Amino acid sequence: MAKLVATHLSKSFPTRSEPLVVLRDVSLEIRSGESAAIIGPSGSGKSTLLHLIGGLDAPTSGTIDLDGENPHTLAPDKLAHFRNHNVGFVFQDHHLLPQLTVLENVLIPAMAETAPTPAMIERARQLLTRVGLAARLDHRPAELSGGERQRCGIARALLMKPKLLLADEPTGNLDQKTATEVAQLLGEIHTQENAILLIVTHSKELAAIAQKRYEMNSGLLEPRS
Ligand SMILES: Nc1ncnc2c1ncn2[C@@H]1O[C@H](COP(=O)(O)OP(=O)(O)OP(=O)(O)O)[C@@H](O)[C@H]1O
């Protein structure tokens with residue numbers, strides 16, 4: 001069973017005067033099939049923490065261990081490979097490529113390394129069926145609704161069977177009803193995929209789908225009920 005362990009993470013950004021301290025001694029642990037949500041005010045450090053955990057930025061101190069590997073000890077090419085195979089990202093703005101079809105967008109993580117294999121194409125089709133987009137494979141993102149685009153983004157994030165699914169305000173741009181549907185989908189599909197799900201959100205409703213909840217305030221992470 002995979003496990004994410006973040007231990008004593010701190011992050012500061014240099015400024016012209018004192019460094020800006022954004023994360024202060026943050027630790028958390030989440031297992032495969034479990035989910036955690038982090039809520040907290042704007043600017044409190046939530047996205048920064050997600051970036052460190054996903055290997056997009058390095059901590060000033062502290063360690064991250066995903067199933068025995070610390071992404072921040074890897075050389076840049078190995079880190080890119082690690083991220084592509086172990087971490088799926090779902091963003092507030094879906095980050096789909098407008099010129100590609102829905103199916104091609106979902107295949108992007110596979111295309112980062114080789115031409116997609118028939119097995120990958122089949123997995124992409126299956127994921128798109130599971131997120132309710134079976135009839136939209138050949139459509140472009142502009143032809144989809146906001147919720148459908150987010151479903152496509154979720155399918156893309158899961159293509160490589162990542163151990164970790166990171167979602168940064170995934171329902172932030174959606175109306176209430178669509179946000180509820182996407183939240184339910186995230187909750188169901190990460191369990192089916194046995195992935196670790198970590199969500200950053202302002203939405204209490206989205207946070208409610210997670211088994212563990214935390215609040216971030218000025219870079220300090222506290223458990224919440
Ligand atoms: N690359 C950077 N250089 C300097 N400061 C940064 C950088 N990235 C983030 N920050 C600062 O770190 C603080 C925390 O930002 P972060 O995006 O993590 O907050 P957040 O809790 O996710 O906010 P929001 O809910 O608005 O997305 C902010 O003050 C931000 O300006």
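All residue numbers refer to positions in the sequence shown, counting from 1. Counting convention: from 1, in listed order, for ligands and their atoms alike. Keep in mind that this is a model prediction, so the values were computed, not measured.
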Over all atoms of both residues, closest heavy-atom pair of Leu23 and Gly45:
CD2-O, 3.4 Å

Which residue pairs pass the side-chain hydrogen bond (donor to acceptor under 3.5 Å, both in side chains) test when at least one of the two sits in residues 108-121, sequence neighbours left out?
Asn84-Glu113, His85-Glu113

For Leu79 and Gly55 the tightest heavy-atom approach is CD2-O, 3.6 Å

Per the under 4.0 Å non-hydrogen criterion, ligand 1 touches Phe13, Leu20, Val22, Pro41, Ser42, Gly43, Ser44, Gly45, Lys46, Ser47, Thr48, His202

Tell me whether Glu18 at atom CD has more than 12 heavy atoms from other residues, nucleotides or ligands lying less than 6.0 Å away.
no

Passes side chain to side chain donor-acceptor pair (under 3.5 Å), Asp168 versus Ser47? Steps please.
CA-CA 7 Å; Asp168 195 346; Ser47 297; 3.0 Å; yes

So, Arg130 and Glu193, do they make that salt bridge, N to O below 4.0 Å?
yes

